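Taking it in order: structure first as structure tokens, then the write-up.
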Number of protein chains: 2
Amino acid sequence: MTGETYDIFQAIADPTRRKMIRLLAGQELPVTVISKHFPISRTAVSKHLRILSESKLVNVKKVGRERRYQLQPEALSEVKEWISYFEPFWDNKISKLQHYVEKEESSEIDPPGSEGDPGEEKGGFPDLTPPD
Amino acid sequence: MTGETYDIFQAIADPTRRKMIRLLAGQELPVTVISKHFPISRTAVSKHLRILSESKLVNVKKVGRERRYQLQPEALSEVKEWISYFEPFWDNKISKLQHYVEKEESSEIDPPGSEGDPGEEKGGFPDLTPPD
DNA sequence: ATGAAGAGAAACCAAAAGGTTTCATATGCC
DNA sequence: GGCATATGAAACCTTTTGGTTTCTCTTCAT
């Protein structure tokens with residue numbers, strides 16, 4: 001009843017689907033029109049759209065006999081958040097700014113500059129068993 | 001001579017690789033140790049690491065007979081930037097803040113709120129042919 | 001009502017992905 | 001030298017993925 005789901009990281013892994021997402025930014029389009037932009041069959045496009053739909057990246061709206069696909073970019077926040085976990089570990093100046101602007105909680109992350117010489121960790125590694 | 005490359009979106013599509021990335025955040029580890037954290041063979045881990053390496057997400061440092069793998073999270077900026085293209089289209093409050101904080105150029109994007117009734121675009125769609 | 005247009009479902013296929021086991025090579029240690 | 005450790009390469013296998021063609025179902029227009 002809940003409907004299928006599809007991992008969003010996998011959803012955006014395919015270049016064709018990324019192009020579709022771009023195409024749908026700001027405009028909602030029916031399948032036939034979308035497929036005009038790609039060198040593959042309409043059916044193939046339809047399957048990609050189903051995957052995007054199952055990953056909550058797009059929304060379908062029935063209008064007459066057509067189905068208008070609409071981007072739901074909020075679904076990307078999962079990816080964005082996943083990435084933001086690593087921002088404290090990189091040196092891009094922008095990311096440092098964001099670190100202060102956008103983070104409320106700075107817990108659970110080893111901030112860079114606090115590594116206790118990673119040279120000799122042979123015996124006991126922190127078994128992070130990370131959430132993802 | 002340039003070495004193989006691997007699409008970073010595909011690199012992070014695999015859950016096992018995402019866990020590896022998490023594991024390598026803040027610490028550099030050799031293959032054998034990394035493989036202790038996964039229910040797959042060391043060789044399989046090695047192949048994942050090669051993919052991460054080819055997508056510039058990790059760096060290898062030879063130390064004696066071991067290869068220490070080190071995270072290079074900057075590679076994620078490509079993904080981050082790709083996502084940021086869509087932030088003007090969603091309503092998350094944080095993203096709006098970022099829109100001002102992080103963008104130098106706000107060109108080439110239809111800001112949300114400027115849609116001219118998407119109901120009747122039947123004839124001429126802007127052929128975006130987007131960069132990705 | 002009848003035919004054309006829009007779209008998903010089914011069945012099928014080739015290639016890519018993720019794993020495994022086995023083999024080869026380099027380095028460390030006595 | 002000779003053996004154990006660390007790791008990648010090769011060959012191989014199975015499942016997933018992206019695509020196709022064909023078929024069916026709706027809905028619009030005449």
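Predicted model only: the values in this text are computed from it and were never measured. Lettering of chains follows the sequences in order, A, B, ..., and the numbering in each one begins at 1.
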- Item | Spacing between B/E4 atom CD and C/dA16 atom P, to the nearest angstrom | 13 Å

- Is A/R17 reaching over with its side chain to a backbone N or O of A/I12, donor-acceptor style, under 3.5 angstrom? no

- Taking for A/V45 and for A/G64 the nucleotide of DNA chain D with the nearest heavy atom, the one nearer the 5' end belongs to A/V45

- Below 4.5 Å, heavy atoms only, C-beta onward: do A/P15 and B/D7 meet side chain to side chain? no

- Message: At less than 3.5 Å, do the side-chain atoms of A/K47 and the base atoms of C/dG8 form a donor-acceptor pair?
- Response: no

- Task: Between D/dT7, C/dG6, D/dA9, spot the one nearest the side chain of B/T32, thanks.
- Result: D/dT7

- Would you indicate what B/Y69 reaches in the nucleic acid, counting non-hydrogen atoms under 4.0 angstrom: base, sugar-phosphate, or nothing? sugar-phosphate

- Message: From CZ of B/R68 over to P of D/dA6, roughly how many Å is that when rounded to an integer?
- Response: 12 Å

- Message: Just the rounded figure in Å: distance from C1' of C/dT20 to CZ of B/F38.
- Response: 18 Å

- Message: For a quick check, tell me whether the side chain of A/R65 and the base of C/dA7 share a donor-acceptor pair closer than 3.5 Å.
- Response: no

- Residue B/I40, side-chain atoms from C-beta onward, closest of C/dG28, C/dG19, D/dG8: C/dG19

- Item | Between D/dT17 (C1') and A/I51 (CD1): distance, integer Å | 8 Å

- Nearest-Å distance for atom pair CZ/C1', residues B/R67 and D/dA9: 12 Å

- Shortest side-chain distance from A/Y6, nucleotide among C/dA9, D/dT17, C/dG18: D/dT17

- Item | Separation of atom CZ in A/R42 from atom C1' in D/dC25, rounded to whole Å | 12 Å

- Item | Spacing of A/H48 atom NE2 relative to D/dG19 atom C1', expressed in whole Å | 8 Å

- Out of C/dA9, D/dT17, D/dT7, whichever nucleotide has its closest atom nearest the side chain of A/Q10: D/dT17

- Task: Using a cut-off of strictly less than 4.0 Å, decide whether B/S46 has a side-chain nitrogen or oxygen near OP1 or OP2 of D/dG8.
- Result: yes

- Message: Checking A/H37 against A/V45 for the side chain to side chain contact (heavy atoms under 4.5 Å, CB included) test, could you report, in this order, the C-alpha distance in whole Å, the side-chain angles of both residues, the deciding distance, and whether it holds?
- Response: CA-CA 10 Å; A/H37 293 261; A/V45 170; over 6 Å; no

- Query: At under 4.0 Å between heavy atoms, what does A/S41 touch on the DNA or RNA strands: base, sugar-phosphate, or nothing?
  - Reply: base

- Task: Return the 5'-most residue of the pair A/P39, A/V63 with respect to DNA chain D, ranking by each residue's nearest nucleotide.
- Result: A/P39

- Message: Quick one: does any side-chain atom of A/R18 pair with a main-chain N or O of A/A13 as donor and acceptor, under 3.5 Å?
- Response: yes

- Query: Looking at C/dA11, C/dG6, C/dA17, which one has an atom nearest to any side-chain atom of A/E66?
  - Reply: C/dG6

- Mind checking whether B/L57 and B/L24 have side chains closer than 4.5 Å, heavy atoms only? no

- Task: Quickly work out the A/I34 CD1 to C/dG8 C1' distance and round it to whole Å.
- Result: 14 Å

